[in-house]
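The block underneath contains the structure these notes are about, expressed in C-alpha cells.
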Amino acid sequence: MADVLRSLRLGGRGDPARACALALGAEGVALSLLVGNGRMAEPLWCHPEVSARFEELQFTLGEGPGPDAVRTGSPVLEPDLDRVRPDRWPALLPPARDMGVHGVCCFPLGIGAIRVGVLTVLCDGDRTMSVQQSADAIALAAALTGALLNGNGNGGPVLGVFLDRPTGLHRAAVHQATGMISVQIGGTMEEALLRLRAHAYSSERPLGEVADDVVARRLRFNDNDDSSSNGDGSGNGFDDDTNGPYSPGDGKG
C-alpha cells in the first residue's frame, strides 16, 4: 500500500483500482465521487467488473454500505453479508449475494460534515477484513480525501491517473431525469430521485436505463400517484406519436 500511495502522489499511470485491490488483498475496489446538489455517487473507477455492478446496484436502490457511509461519515464494515440483518438492506442483500459479493467495507471520503466520495472494498471469500487491511484502506481513503479537498483534480500531480477519464458525468441522464421528474410531480429533487429509483426497482431495470427513457420522453411520472405513464392514463410508461411525456421547457402541462 505504501508503494500504491507513493505512485498516486507522483501521478503514476496504470489501473489504480486494480493496484489498490491487489495491495488490499480485496476482491474488488471502487471509488465514487459525490456530485451535484443531490450528492449523487459518480463512479470514478472500479476493478473488477463486479465492483462496477455492485456500485450500480447501490445507486439504483439508494441503500447499502456506501450510502450509509456517506450519510453517517463513518466507515461501514460488513465483511460477511450473510451476518447482516435482512431488514437492514432488504432490497440489496439478495442481488448482492447473487452477483457473488461476500462482504463489503465502505470508507467515506471527507472531513467533518464535508463529504466528497466513498471508497468501496469488496471482501474476499474468507469474509473477513484484517487489522492491516482496514488500516491500509483508511490510509488510502485519507490520501484520496486530501487530494480531492486540495483541489488537485484538474491535472494536478496528486490525483494524476485518478481523474484521467472522459469528460462528463457517467450519470448525466440520471441528473437530467431527476430534474424532469421533479417538475412533472411538482416535488423536490429528493422526491423525484426516490420515484425514479422505485420505478427502476419495481421494473427490475438499471436506474440509468429508466433515466434514459425519461430524458428521451418515453416515460413520464404522474403527479397524482406513484405510477408512471405515457400521458394518456394507460400507465404503460411509454409514449406514442401523439402523447409525448412532459419535460421542462416543452410547454406541455
Side-chain angles (χ1 to χ4, degrees), residues 1 3-24 26-71 73 75-76 96 99 101 104-111 114-123 136-176 178 193 206-208 211:
M1 181 53 67
D3 290 339
V4 169
L5 295 177
R6 186 179 305 109
S7 176
L8 298 180
R9 286 196 299 269
L10 297 175
R13 313 306 293 173
D15 185 344
R18 183 176 184 276
C20 291
L22 290 173
L24 290 170
E27 284 290 303
V29 171
L31 172 65
S32 294
L33 306 184
L34 302 180
V35 300
N37 294 331
R39 309 302 286 158
M40 293 185 185
E42 178 76 14
L44 192 56
W45 43 247
C46 304
H47 177 84
E49 194 267 339
V50 66
S51 294
R53 289 193 289 123
F54 182 74
E55 287 295 278
E56 185 66 25
L57 177 65
Q58 289 194 106
F59 183 68
T60 295
L61 300 177
E63 70 175 37
D68 283 3
V70 171
R71 185 179 64 256
V76 176
M99 65 176 62
V101 175
V104 186
C105 296
C106 292
F107 302 84
L109 307 184
I111 298 176
I114 301 174
R115 308 277 191 274
V116 294
V118 60
L119 176 70
T120 300
V121 179
L122 302 187
C123 301
D136 286 345
I138 290 172
L140 177 59
L144 293 170
T145 299
L148 291 167
L149 291 179
N150 286 335
N152 292 306
N154 296 315
V158 176
L159 280 181
V161 71
F162 279 143
L163 296 186
D164 185 15
R165 60 174 175 135
T167 301
L169 301 178
H170 293 284
R171 306 198 193 280
V174 177
H175 292 268
Q176 186 176 355
T178 301
L193 181 58
L207 191 65

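No hydrogens, no waters, no symmetry mates; every other heavy atom, side chains included, goes into these values. If you're wondering where the values come from, they're calculated on a predicted model, not measured in any experiment.
Looking at V116 and L33, their side chains never come closer than 4.5 Å, going by heavy atoms from C-beta outward. Taking the side chain as every heavy atom from C-beta outward, V104 and Q58 never approach each other to under 4.5 Å. For the pair T120 and C106, the minimum side-chain heavy-atom distance is below 4.5 Å. W45 has its side chain out of reach of D15: every pair of non-hydrogen atoms, C-beta onward, lies at least 4.5 Å apart. In this structure, the side chains of T145 and I114 stay at 4.5 Å or more apart for every pair of heavy atoms. E27 is not listed as a side-chain neighbour of V50, based on a closest heavy-atom distance of 4.5 Å or more.
Contact detail for V76 and A69: the closest heavy-atom pair is CG2-N, 3.6 Å. Heavy atoms only, all atoms of each residue included: C20 and M1 are closest at O-CE, 4.4 Å. V4 approaches A23 most closely through the heavy-atom pair CG2-CB, 3.8 Å.
Under the 3.5 Å distance criterion, the side-chain polar atoms of R115 are matched with a main-chain donor or acceptor of V70. Between the T60 side chain and the P206 main chain, no donor and acceptor come within less than 3.5 Å of each other.
Under the side chain to side chain contact (heavy atoms under 4.5 Å, CB included) rule, L122 has a single partner from C105, S51, P48, which is S51.
If you take CD on E55 and CG on L31, they are separated by 9.0 Å, rounding to the nearest 0.5 Å. Atoms CG and CG, on L24 and L119 in that order, are 7.5 Å from each other to the nearest 0.5 Å. Atom CG of L22 and atom CG of D3 lie 12.5 Å apart (nearest 0.5 Å).
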